[in-house]
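Report on the structure given below.
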Amino acid sequence: LQPKRTLRLVLWTAEEQGGIGAFQYYQLHKVNISNYSLVMESDSGTFLPTGLQFSGSEKARAIMKEVMSLLQPLNITQVFCDGEGTDINFWIQAGVPGASLRDDLYKYFSFHHSHGDTMTVMDPKQMNVAAAVWAVVAYVIADIEEMLPRS
Ligand SMILES: *[C@@H]1O[C@H](CO)[C@@H](O)[C@H](O)[C@H]1NC(C)=O
Ligand SMILES: *[C@@H]1O[C@H](CO)[C@@H](O)[C@H](O)[C@H]1NC(C)=O
Ligand SMILES: *[C@@H]1O[C@H](CO)[C@@H](O)[C@H](O)[C@H]1NC(C)=O
């Protein structure tokens, strides 16, 4: 499967130190901002997703709802508000639609920033579902004819 547009996976560094990696990336790439359809961030664990948080125009939100409806077989179709995240906020503030993975945070702060935060606490099935949500949304948005409308 090859979508019409490029998908880019970015592993930003130094988020906790003030979004330094995200700022550097923005500085280097904002020259091409008019070609960015959507920025997405996963920064709240990879537990069972409940949907996506989204920030963007009403038109873009309507399209995101259509895209998420493709995930009906997984029952993960909800589009919430507030897609912001430290590593994507520069883009969102400059007008690019943004989305964050929304998942079940019940256990997140049991591990977060602790020595218990290792791969062994991950549930592979839940991670697979989170990856599926990411892959479907990224692929479809990159493959639809038009970019997500900004207004
Ligand atoms: C910006 O886009 C142009 C034209 O597609 C490309 O040549 C250039 O490498 C891009 N710059 C960055 C920093 O990605
Ligand atoms: C956007 O993408 C098109 C198609 O690849 C390219 O021709 C154009 O130079 C790009 N514009 C910017 C600002 O990167
Ligand atoms: C589907 O998801 C909704 C919202 O998260 C939940 O309330 C409902 O119980 C789920 N249905 C099934 C069949 O899992």
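Every number for a ligand or one of its atoms is a count from 1 in the order of the listing.
Take E16 and apply the salt bridge (Lys or Arg N to Asp or Glu O under 4.0 Å) test, not counting sequence neighbours, and it matches no residue.
Distance CG/L70 to CD1/I76: 13.0 Å, rounded to 0.5 Å. Within the model, atoms CE of M127 and CG of L48 stand 13.0 Å from one another, a figure rounded to the nearest 0.5 Å.
Atom CD of Q27 is surrounded by more than 12 heavy atoms from other residues, nucleotides or ligands within 6.0 Å. Around the NZ atom of K125, the shell of radius 6.0 Å holds no more than 12 heavy atoms that belong to other residues, nucleotides or ligands.
Close approach to Q78 involves these atoms of ligand 3, each under 4.0 Å from a residue heavy atom: 4 (C), 5 (O). Counting atoms of ligand 1 from 1 in the listed order, those under 4.0 Å from a heavy atom of L28 are 13 (C).
For a heavy-atom separation below 4.0 Å, the residues in contact with ligand 2 are V31, N32, S34, N35.
Taking Ile, Leu, Val, Met, Phe, Trp and Tyr as hydrophobic and joining them when side-chain heavy atoms fall under 4.5 Å apart, one finds W91 in a cluster with V10, W12, F23, Y25, Y26, I33, Y36, V39, I88, F90, I92, V96.
Legend: side-chain hydrogen bond (donor to acceptor under 3.5 Å, both in side chains) pairs involving residues 52-68, not counting sequence neighbours, sorted by first then second residue: S55-E84.
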